[in-house]
Structure formats: structure tokens, C-alpha cells
There are 2 protein chains.
Amino acid sequence: MTIADQLQGELAALLGARFSTKRADREQHAGSETFHRAPPPDAVVWPQNTAEVSRILALCHARRVPVIGWGTGTSLEGHALATHGGITMDLGRMDRIRDIRAEDMLAVVEPGVTREALNADLRATGLFFPVDPGANASLGGMASTRASGTTAVRYGTMRDNVLALEVVLADGRIIRTGSRAAKSSAGYDLTGLFVGAEGTLGIITELTLRLHGQPEDVAAAVCAFETLEQAVDCVTATIQTGIPMARIEFVDAETARAFNSYSGTNLREQPHLMVEFHGSGESLRADVARFGEIAAEYGGLGFDWAESAEDRSRLWKMRHGAYPACLSLRPGATAVVTDICVPISALAAQVAAARDDIRAEGLLGPILGHVGDGNFHSTLLVDPDNPQELAAAKRIANRMAERAIAVGGTISGEHGIGVGKRGLMAAQHGAAIGVMAAIKQALDPENIMNPGKMIPDPV
Amino acid sequence: MTIADQLQGELAALLGARFSTKRADREQHAGSETFHRAPPPDAVVWPQNTAEVSRILALCHARRVPVIGWGTGTSLEGHALATHGGITMDLGRMDRIRDIRAEDMLAVVEPGVTREALNADLRATGLFFPVDPGANASLGGMASTRASGTTAVRYGTMRDNVLALEVVLADGRIIRTGSRAAKSSAGYDLTGLFVGAEGTLGIITELTLRLHGQPEDVAAAVCAFETLEQAVDCVTATIQTGIPMARIEFVDAETARAFNSYSGTNLREQPHLMVEFHGSGESLRADVARFGEIAAEYGGLGFDWAESAEDRSRLWKMRHGAYPACLSLRPGATAVVTDICVPISALAAQVAAARDDIRAEGLLGPILGHVGDGNFHSTLLVDPDNPQELAAAKRIANRMAERAIAVGGTISGEHGIGVGKRGLMAAQHGAAIGVMAAIKQALDPENIMNPGKMIPDPV
């Protein structure tokens with residue numbers, strides 16, 4: 001599909017230089033952080049406000065031209081690829097923080113604001129926005145993929161931390177969902193519907209986010225375990241006792257090796273837990289002490305506490321650098337990144353089965369995860385020019401997904417569906433796919449909103 | 001509308017004595033705990049399993065007969081009234097606890113299980129289900145109204161504690177939403193869509209609920225304040241410091257008076273906070289001490305700590321008995337119960353404005369609320385035979401709702417819309433009402449699922 005001259009003229013008139021069909025601009029919006037690829041979009045637009053988003057969508061709707069939202073391009077499942085052609089809408093210039101209401105612990109932001117930019121602005125308020133997927137993603141993109149990350153075990157995911165939205169629908173209508181109240185029983189939860197909709201139902205143009213108090217004191221540590229099972233059992237016991245963990249992350253021996261070679265650390269090449277506690281004074285010390293007792297019971301090999309803020313920052317920088325660290329185990333490789341999430345009782349067996357499968361296929365694939373949520377990732381390293389390896393990685397990923405579904409888990413804990421997991425949606429949802437398709441059809445009858453993603457094409 | 005003979009025959013053949021058109025059965029399903037009234041349904045059915053629910057809906061769908069879900073009948077907004085005639089589906093016989101997975105901290109229940117029944121079953125597991133609206137409501141009903149209550153400030157609402165659902169759609173199709181994983185980014189959040197849908201999109205036939213660890217130690221107390229503002233400011237400061245409150249409830253002087261006369265307590269006739277902390281040992285004591293310091297700063301007049309489990313039980317029994325206690329202030333009265341929820345910075349002014357308004361209209365209307373959430377209720381006491389009083393109460397309720405909307409709040413924090421707040425939905429949601437109506441139309445094109453509730457009738 002290419003864009004009719006008339007639409008080009010209208011968009012150029014509306015946006016001036018913020019409408020582009022230049023090859024370089026299109027190529028910049030064609031990439032993906034993983035192996036997913038598609039041709040570039042036919043054009044790129046950079047709206048600056050909601051009214052422009054509305055006008056662009058109305059024009060594209062009238063001509064049935066696809067519109068693909070773009071945040072920072074850090075999605076792992078090809079969410080922002082122009083698989084059906086059309087126009088990529090880069091929301092990076094809608095990056096204003098519109099309001100910070102410290103007393104109400106909420107912030108109102110445009111979709112292009114990144115989580116780091118918001119937190120920099122919040123520093124003086126004593127508040128912070130906790131959702132942390134690692135990448136410095138845009139908050140609109142994080143909402144659209146229902147992102148989470150290391151802190152979800154304590155603070156929840158984007159689903160829990162988006163209070164309200166402004167959304168432009170496929171035909172250009174502007175709606176508001178949710179409210180600034182902490183909870184509401186007034187009508188269908190449209191906020192929850194648009195969070196995680198991956199841009200298939202509309203474009204988010206404003207988010208009202210729940211903020212949290214910066215913890216007065218923080219404690220973080222790394223602890224090695226002899227076995228994966230012991231590490232996971234330690235987590236289960238900790239969570240059941242109700243100790244409020246801020247982060248509790250698992251890395252396997254191979255990931256520890258990746259950290260050592262990439263970050264110059266000196267971890268044992270064994271499974272580890274990386275933990276963080278948020279609290280204050282005595283209360284925090286009591287939590288830490290209780291966790292220490294539990295870890296000792298499960299054979300934890302002693303804690304390396306990050307005492308200073310610098311040490312903690314180094315620890316989580318290492319963790320957040322896991323993706324490049326893992327990639328560095330095999331220079332020149334690209335990755336198939338898996339993302340299943342299972343009930344915690346199934347976690348140890350699922351990780352073990354994944355590891356066996358990866359070995360049997362002869363691939364390198366370090367495993368790490370947000371173990372408090374039952375969510376883990378394998379970074380399957382493949383030669384981009386070797387179709388056999390890519391096929392092997394996809395077989396592994398599919399089997400992981402099937403095993404997750406078999407125990408009542410999910411094919412995606414936090415990365416979303418995009419193009420990468422679309423083929424698994426029927427296995428995950430069964431007849432409920434029909435409900436998703438009916439909602440999509442009701443809100444986007446022309447199928448212009450990020451077509452080809454998440455749910456099956458209309459027949 | 002009455003039910004055609006043929007449908008009566010089919011339902012009787014399917015359900016035997018669990019299909020009834022007897023006056024007594026119909027009258028039993030015509031009530032409401034508040035002033036809302038409608039004629040009884042044309043018939044009542046008591047399905048025992050999902051297959052029966054599916055069959056009943058398929059039959060009613062084919063003949064466009066309304067179906068109204070019924071849990072325990074404790075809704076306050078007339079949700080289960082047969083305003084458009086049709087069949088009330090009493091889910092009270094689907095009351096089995098299907099599975100308790102202690103290690104995964106989840107329970108799978110049928111919709112007729114009440115929260116007290118579930119918690120009785122959980123006692124030996126060390127886990128509990130925290131959502132507590134006061135009434136011993138059914139979990140299906142609580143999900144359908146997105147209920148919350150005194151513990152939402154710590155454990156969230158039904159939105160946060162329902163992981164997965166089985167739902168029968170209007171035409172009898174059975175779907176499953178969500179998963180047993182702690183989080184998921186796989187597709188539209190259909191669980192979140194059906195939670196709070198008030199039976200207008202389908203009938204919930206199974207719920208997978210998130211459980212929490214029973215706290216090792218609990219501390220609860222009552223504290224009086226000179227003014228409402230001081231009590232609210234104390235709450236704001238507490239929440240901002242991140243002290244994990246399990247409950248933090250406000251009652252005004254009039255409610256304190258109601259408790260004294262109804263429960264024989266000896267509270268000062270002043271505003272009070274009722275608080276509870278969940279934790280363990282030292283950590284809990286540290287939280288309590290820190291809260292004590294904050295309360296003292298805001299003029300708290302000393303705490304009356306409920307030291308024993310019996311004292312705590314008495315305290316919360318008193319709080320949960322607030323509705324009959326308030327009704328007892330005016331024997332023979334019925335109530336219009338308000339339910340706005342606002343950003344916490346607006347709370348003190350909104351409560352004060354409500355109190356002034358109630359006085360100006362010359363009604364009795366004690367105020368209490370889940371102050372940590374910004375949610376408060378006034379129980380407006382009216383003579384059921386006095387239309388002027390009812391009109392005055394509705395004026396007050398509408399003005400409260402308008403003031404809530406004006407500060408970005410919501411017309412319902414936890415009671416839902418039903419018939420009572422339906423007229424306020426357009427003011428709350430604006431153009432988003434069109435999205436709700438489109439979803440309703442897509443999933444229930446014949447408008448048989450609890451018609452006349454929540455969203456406008458199709459035109």
C-alpha cells in the first residue's frame with residue numbers, strides 16, 4: 001500500500017516538516033530490537049498535540065490507511081513494524097509532563113515522556129514512578145504493551161499504575177477513560193482495555209499515572225544458590241510470609257557468566273537471586289533479617305549487600321544490562337527473547353524444561369526472570385544469517401509457550417504479542433479470541449489501528 | 001414482558017424445580033437494600049453449573065428475554081432489579097470452591113461462594129482473600145460491581161484480585177479470560193472488562209482469585225481528631241510516607257453517635273480514624289510507632305488500641321455495622337447511599353461540602369469512608385413515604401457526584417452504577433460512553449444481559 005497523493009498533501013499541509021516520506025525517516029521507523037523485520041512505513045508523522053493526532057487519524061480513517069504508534073522503538077515483539085504499510089505516528093514530540101500532583105500522588109504526562117524523564121522530574125517531590133522494564137521506554141509505549149519489569153512484584157504493572165487515559169479512536173474521536181480517583185466502579189474499565197491493546201484500538205495521547213513514595217531506606221543484595229529449585233522455593237516462601245519485596249530477580253548460571261564477562265563482575269557461575277527492599281529504618285531492617293533467615297533455610301550461599309546507593313545502582317545497572325550482556329556471549333548474534341509467566345509452583349520445572357530444551361537444540365540461551373511474578377525470559381542467541389538456528393529458536397519459544405499454557409500460565413508476561421506471539425493467541429485464549437475480535441471490530445471497523453498485530457485479521 | 005410458554009417449558013425441562021414462576025420466589029428476587037424498587041422478575045432460575053448457565057442464556061437469547069444475575073442481593077444501586085422484566089438467574093447454588101492452590105496463592109471458586117465462606121475454608125492455609133465490602137456478598141457479585149471496602153488501601157479492589165474468569169456470553173458461548181499467572185501482556189484485558197460490568201456483558205461462572213498471606217501480627221486502633229481536615233491530612237501524610245496501612249477508615253461525629261447508640265460504645269462525638277496494620281513483629285511495631293508520630297502531629301487525640309483479636313473483631317464489627325447503625329438513627333427510614341471517590345487532596349473539602357449540603361436540605365446523613373482511597377459515603381436517611389425527602393436526598397447525591405466529577409473524581413468508588421447512578425454516566429464519561437455502548441452492542445446485540453443498568457439503552 002502506498003499513500004494517495006491527496007492524503008500526502010493534506011498531511012503535509014497539517015504538519016509541514018513533521019510529515020515525511022524520506023527514506024531515512026522511514027528506515028528509522030522500520031527497526032526492531034529483536035529479529036522481527038518488515039519493510040518501512042510509507043510515511044512518518046510527528047504530531048505535537050492531541051488535536052493533530054485526531055486530525056491525522058480522521059484523514060487516515062477516511063482512506064483506510066494504517067496508523068502505527070511509535071514510542072521509543074524498544075519493543076521486543078515487532079509491535080511498531082509497518083507490516084501492512086501505512087503511516088508510523090512517532091509520539092516522541094508529545095513529551096511534556098502536563099501536571100504533577102504530589103498530594104494526590106499522580107502525574108499527567110504525554111505519551112512520549114520516558115520513564116527516566118518522569119522520574120528525573122519527580123526527584124524533588126519525594127515520589128517516583130516505579131514501573132521499570134529496563135529500557136528507557138516511553139510511557140505511552142509501556143502502557144500499550146502493559147509493561148512491567150523488576151519492580152512489579154511490589155508496585156504492579158502498567159495495568160495497576162495507569163489511572164486514566166486520553167485516547168484518540170480510529171476515526172479521530174477523542175475520549176477520556178478513568179479518573180483521578182484511586183478506584184472507581186463507574187462503568188466498563190476502558191483504561192484497562194486500552195492498556196495492553198498495543199495501539200490496535202486507538203492512540204494514547206495522555207496518561208494519568210499513579211506515583212509512589214520514594215522509600216526512605218533501600219537495601220539490595222545478591223545471593224547465590226546451589227540449585228534453581230532452592231532459589232525459587234526461597235522466593236515462594238518469602239512472598240507467602242508477606243515480606244514486601246521491592247524486587248526479587250532470578251538469573252541462571254549462564255547469565256551470571258554473561259555479567260562477569262560483560263560487566264567485569266565476579267559472580268559465582270551459579271543461580272542467583274537479586275533482591276531489593278524498600279522501607280524505613282527498623283521496619284526495613286526487620287524485613288531484611290527475616291528474608292535472610294528464609295534464604296539460609298533454602299541454602300542461600302550468603303548475601304553480598306550493596307550498602308551504598310552507588311553499589312545498588314551498579315547492581316541494577318548490571319541487571320538492566322542483561323540483554324546486551326547476553327548478546328555479547330555470541331558476537332554478531334541476534335535474539336529470540338521469550339517471555340512466559342506461570343504460577344509460581346510451576347516455575348522451577350518450567351525453567352528446567354526450557355534449559356533442557358535449549359541444550360537439546362544446541363543453542364545458547366541464558367535465562368533470567370522476575371521470579372516473584374513467575375515470569376522469566378530466555379535470550380536465545382542465533383546467527384541472523386542461519387535460518388536453521390532461527391527455526392530452532394522459534395521451536396524452543398513455541399514449546400515454552402505451550403508448556404506455560406498447559407499449567408495455566410501466559411505466553412507473555414510483559415513484552416506483549418505484537419507480530420511475534422500472534423500465532424499463539426488462539427492456543428492461549430480459545431473462544432475468547434472472538435470477544436477480542438468483536439471489540440476490535442466495534443472500535444476500529446476499518447482495521448487501520450496497527451493492523452497485523454495481536455489479534456487475527458478480520459475475515 | 002412475560003415469558004412465552006414454550007420457553008417456560010424448555011426451562012422447566014432443563015431445570016425442574018430450579019425454574020420457578022411462583023410469586024414468593026419472584027418477590028424474593030425483587031428487593032434492594034436501598035430505596036430502589038422494580039416489579040419482580042417473570043421467573044427465577046437456579047443453575048448448578050456452567051453448562052446450565054450456557055443453555056439458559058442460549059434459550060433466552062433466541063427469544064430476547066432479559067437475564068439478570070443475582071448473588072446475595074446486597075447491592076446498593078438496584079443492580080439486580082428486573083427493570084425490563086425477564087428471568088433472574090440466582091447463582092447461589094453455584095457455591096463450590098473448586099480449587100485452592102496455596103503455593104500459587106490463588107483460589108478457584110464458583111460465583112455463589114461468599115467471601116466469608118471462602119475465608120473460612122482458607123483459615124488453615126495461612127492465606128486469606130482480603131476484599132471486604134462489609135456485607136457477606138457473593139464473589140461473583142463482588143466482581144461484577146468491582147467491589148472493594150475497608151482493605152482496598154492495602155490489597156486493592158476486585159479489579160486487582162481477580163486473575164481469571166469463566167464467563168458465559170449472551171448467546172451461551174463459554175469463554176475463559178486471564179490466566180493463573182500473576183501478570184500477563186497477552187491480549188486485551190477481558191478479565192478487567194467483565195469485572196465491574198454488572199452482568200451487562202455476560203454471566204461470571206468461575207473466578208480465579210488472588211490470595212494473600214494472613215498477617216502474622218495485626219494492630220488496630222481508633223483515634224479521635226478535632227476536625228475532619230486534621231484526620232484527612234493525617235491520612236495523606238501517612239500514605240505518602242509509604243507506611244503499609246491495611247485499613248484506614250474515617251467516620252464523622254454523627255456516625256460516632258450512631259455507633260454509640262447502636263453498639264453501646266463510648267466514642268467521642270467527633271471525627272475518628274479507625275486503622276489497622278498487618279505485618280510481623282518488629283516491623284509492625286515500627287510501622288505503628290511511625291503512624292503514631294504522624295497522628296500526634298495532626299492533633300490525634302490518643303489511640304485506643306484493640307489489643308486482642310476479640311477487641312479487633314469488635315472494632316470492625318462496629319465499622320461493618322455502620323449501615324444498620326446509621327439507619328437506627330431514624331427508625332423506619334430508608335436510605336440513599338452515596339459513593340463518590342475523589343483525589344485525596346479534594347477529600348476534606350468534598351466531605352465538608354456534602355455535610356453542609358445535607359444540613360441545608362434538613363436531612364440526617366452520617367458520613368464515613370475509606371479515606372485512604374478518597375472514597376466516602378453518606379447514608380441519607382429518608383422517610384420512604386415522603387417523596388419530598390427522597391427528592392432532597394437525590395439532589396444531595398447528584399450534587400455530590402457533580403462536585404466529584406469537577407475535581408477529576410468518580411461518581412462511584414465501589415458500589416457501581418446499577419439503576420441508581422445511570423443518569424450520571426454521561427457527565428462522568430462524556431464521549432467514552434459511546435465506546436462502552438459499542439462494546440455492549442458487540443457482545444450483547446439483543447440487549448438481554450441485565451438491560452437497563454449502567455449504560456444507556458440502545459436507540
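Proteins come first, then strands; the chains are lettered A, B, ... in the order of their sequence lines, and each starts at number 1.
Side-chain contact check for B:E414 and B:H370: at least one donor-acceptor pair (N or O, by modelled atom type) lies under 3.5 Å. A side-chain donor from one of B:T50 and B:E166 sits under 3.5 Å from a side-chain acceptor of the other. For the residue pair B:D217/B:S280, the side-chain donor-acceptor check at 3.5 Å is not satisfied. Between the side chains of A:T191 and A:T177, a donor-acceptor pair is found at a separation under 3.5 Å.
Residue B:I243 does not touch chain A at all, counting heavy-atom pairs closer than 4.5 Å. A:I344 touches chain B through backbone and side chain together, each having a heavy atom under 4.5 Å away. At a 4.5 Å heavy-atom cutoff, the contact between A:K183 and chain B is made by backbone and side-chain atoms alike. Within the 4.5 angstrom heavy-atom criterion, only side-chain atoms of B:T236, from C-beta onward, approach chain A. Looking at B:E198, the atoms closer than 4.5 Å to chain A (heavy atoms on both sides) all sit in the side chain, from C-beta outward. At a 4.5 Å heavy-atom cutoff, the contact between A:M436 and chain B is made by backbone and side-chain atoms alike. Both the backbone and the side chain of A:H429 have a heavy atom closer than 4.5 Å to some heavy atom of chain B. Interface remark: A:T208 contributes no atoms to any contact with chain B (heavy atom separation under 4.5 Å). Contacts between A:I417 and chain B at a heavy-atom distance below 4.5 Å involve backbone atoms as well as side-chain atoms.
For the set A:M158, A:K440, A:Q441, the count of heavy-atom pairs under 4.5 angstrom toward chain B peaks at A:K440. Listed options B:A152, B:G213, B:G409 were ranked by heavy-atom pairs under 4.5 angstrom with chain A; first place goes to B:G409. Listed options B:N375, B:L106, B:D160 were ranked by heavy-atom pairs under 4.5 angstrom with chain A; first place goes to B:N375. When each of A:I405, A:T200, A:V407, A:D339 is scored by its heavy-atom pairs under 4.5 Å with chain B, the top score falls to A:T200. For chain A, the option among B:P215, B:A182, B:A286, B:S283 with the highest count of heavy-atom pairs below 4.5 Å is B:S283. Of the listed residues (B:L193, B:V153, B:L201), the one with the most heavy-atom contacts under 4.5 Å to chain A is B:L201.
Classification of the A:H278-A:Y155 ring pair by plane angle, with boundaries at 30° and 60°, yields tilted.
Other residues, nucleotides and ligands place more than 12 heavy atoms under 6.0 Å from the CD atom of B:Q214.
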Show your working on salt bridge (charged side-chain N to carboxylate O under 4.0 Å, His left out) between B:R159 and A:D189 and close with a plain yes or no. CA-CA 9 Å; B:R159 174 182 188 275; A:D189 181 7; 2.8 Å; yes
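The pair B:R101-B:D99 meets the salt-bridge criterion, since a charged nitrogen lies less than 4.0 angstrom from a carboxylate oxygen.
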